[in-house]
There are 2 protein chains.
Amino acid sequence: MKSERKATVKDVAERAGVSTATVSRVLNGDARVKPDTVLLVNRTIEELNYRMNRIARSLKTSRTHTIGVIAPEFRNEFFMNIVTGVEEELKKRGYSVILCSSRERREEETELIGMLRDKGVDGIILIPGSSEGEHLKSARPLPLVLVDRTVDGFPCDAVVGDNYRGAFNAADMALNEGARRIGFIGGDMKLSTARERFEGYEAALKNHGLTPREEDILFGDYHEESGYLLMKELMGRSDPPDYVFIANYFMHLGAARYLLEQKSPFPGLHILSFDDMPLASFFPYSSIIVAQPMEEMGRRAAELLLSRIESGPGEREHRVIRLDTSLRKVL
Amino acid sequence: MKSERKATVKDVAERAGVSTATVSRVLNGDARVKPDTVLLVNRTIEELNYRMNRIARSLKTSRTHTIGVIAPEFRNEFFMNIVTGVEEELKKRGYSVILCSSRERREEETELIGMLRDKGVDGIILIPGSSEGEHLKSARPLPLVLVDRTVDGFPCDAVVGDNYRGAFNAADMALNEGARRIGFIGGDMKLSTARERFEGYEAALKNHGLTPREEDILFGDYHEESGYLLMKELMGRSDPPDYVFIANYFMHLGAARYLLEQKSPFPGLHILSFDDMPLASFFPYSSIIVAQPMEEMGRRAAELLLSRIESGPGEREHRVIRLDTSLRKVL
DNA sequence: TTCTGTATTGTAATCGATTACATTGAATTT
DNA sequence: AAATTCAATGTAATCGATTACAATACAGAA
């Protein structure tokens, strides 16, 4: 086996005795090629072990079949569940993923968008790290789809969970099963999801004729530590609520850590929380969990993006897909 | 602002009154260009808002500054910690990452390697999903670095944790603090890490004059469910060990789930386990945790790969970097 | 028989950079 | 002053595909 350089269309063309145009046509399944020729060319391709240089193709077609995906963090199961869905769907459709982490910083997002465009991605899927979107304009006119969160002042295709209804339903179920007071440990209210969840919770209470008590409501930032601290504050009081709604999974972990740390458990304490991850049902407290279809969010985002890419800039309306959540009762 | 098509070197050259060669030289920091000209060209680049077409460049240089990374699973914190390190280091050096999931399947790995090569990646970092490596030959002559696990019969650059010493040290510490019997819940012994951890455990016992008891040793497959089942089997017996060594984080989670499920706790039970993740220290049992430097493993893998890429096929020896682990005592 | 249409294939330009080699003019050497 | 060197730049080929347009052959139409 000689170590010849990689075969090109030209080599294939020569050996098969046809032109490069014909080889290219076969490669691209052009119907106008005589079936015999197709066979011949394909055989030659096999013989030479030819593999097309996709970079050359990209140069000519300005399509790379590569999508940029920006997530705030890779060490975050929630985001990675979404990314899993994205990759799965894209792979199925012949695309691959350049994955980048924004570290939740706006400047990084901007920079990454520039880098991705330079690399010629066909579109971008972004899980926003913050609530502002001004800087996302730099993606235009590349197709862009947001996932999980929307951003203010930047209308854009997006796939999100129905945070409002999810929160509403969870709180409603709790009240129906006899909750008397539901505390709330929320995320950063600058984020769309944090606001919507709070609003759902609030609405459910009102719906049951209750007014949320000011002092039962605490806001933090969606991170583990924040959940720990706020849970400590809430449960450290003399008269804590019987139910606590924790606005996301990581805060839930933090809160659970606080609870597990305590010498004596809190009897009759119930937890509500978002996102059904492996550990959400681990802790020895009865809980109601709002499950978002994370992978589906990813898949739908990929679908939406590809439909934009493959049908050109047809429809100009932005589409926001809001996926249903479901409840899971634990214990 | 007219919507002109994107500027090219040619446009810049014309406007600046120089040749494309000169523009290219400025772009690439070629020292032979007169400083005045550099200024002129750079100014023109700004004016035209020029951004180089990296695909064209790749075609000419056959370098994409893109690395393929293959992990068995995205929903796995351990792997994603490694990937975080990889991305961080690569980004710092001007590379980006095409991330793919092999779903732990060999055929997928093969297919992905082919796809990545077609896309022109400059090298591949792979977290092997299985212990066989025959199929990895298809990556040659692309630079390839394995992380976390090595594979049998395929010598290759790799970065791994020191599983043997990690396991040894943990068991040793346990024995020094008075462990009488240490059970072992291991992973699939076809994996290098599973074997090494078991050997370390075994050696520590022998070193203390103990012989591991056949019946205290169970093997599973590194997944949560497996940890649950084996823990159940082990602790369900009439005379369970006082310490249990659980071979990885996910089995640890499963085992912990079993323990938390029990009405009455097992007093005096101690856990040994691998990988220091957020939840490893959550559970109400005293534990010794072997912490692998996950992100550093990723960073080192990236470094090693880039050194191969950037220095050409100089050194022919494969290098296996074995990183130290550390112990963390909980409770 | 000549013309037109269709099916198939070929020729050559093109995508946007890089770079080997050629060229120019000025500085230095002799 | 002629020869040599060097710095700075330009010309044009090249990377490996795609594709507009041209060309060819052969069918059936007139």
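Sequence lines set the chain letters: A, B, ... in the order given, protein chains first and strands last, and positions in each chain run from 1.
- A salt bridge does not link B:Arg43 with B:Glu47: every distance from a Lys NZ or Arg NE/NH1/NH2 to an Asp or Glu carboxylate oxygen is 4.0 Å or more.
- For the pair A:Leu126/A:Leu136, a side-chain contact is recorded, criterion being any heavy-atom separation below 4.5 Å from C-beta on.
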Q. When every nucleotide of nucleotides 11-21 of chain D is labelled 5' to 3' by its protein contacts under 4.0 Å (heavy atoms), B for base, S for sugar-phosphate only, - for none, what sequence of letters results?
A. BB-BBBBBBBB
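- Formation of a donor-acceptor pair under 3.5 Å by the B:Asn28 side chain with backbone atoms of B:Asp30 is not found in this model.
- Between the side chains of A:Lys119 and A:Thr64, no donor-acceptor pair of N or O atoms lies under 3.5 Å.
- At whole-Å resolution of the value, NZ in B:Lys34 and P in D:dA7 are 14 Å apart.
- Applying the salt bridge (Lys or Arg N to Asp or Glu O under 4.0 Å) rule to pairs touching residues 143-153 of chain A yields A:Asp152-A:Arg195, sequence neighbours excluded.
- Here B:Asn53 pairs with A:Leu59, B:Ile55, B:Ala56 under the side chain to side chain contact (heavy atoms under 4.5 Å, CB included) rule; sequence neighbours left out.
- Taken residue by residue, residues 116-124 of chain B places no heavy atom nearer than 4.0 Å to DNA chain C.
- Atom pair B:Leu40:CG and D:dG10:P shows a separation of 10 Å (rounding to whole Å applied).
- Among pairs with a residue in residues 97-106 of chain A, those fulfilling salt bridge (Lys or Arg N to Asp or Glu O under 4.0 Å) read A:Arg103-A:Glu108, A:Arg103-B:Glu87, A:Arg105-A:Glu107, A:Arg105-A:Glu108, A:Arg106-A:Glu132, at least two apart in sequence or across chains.
- Spacing between atom CG of B:Asp30 and atom C1' of D:dA7 amounts to 12 Å, rounded to whole angstrom units.
- By the ring-ring contact (aromatic ring centres under 6.0 Å, His included) test, B:Tyr95 is found to be paired with B:His65, residues two or more places apart in sequence or in another chain being considered.
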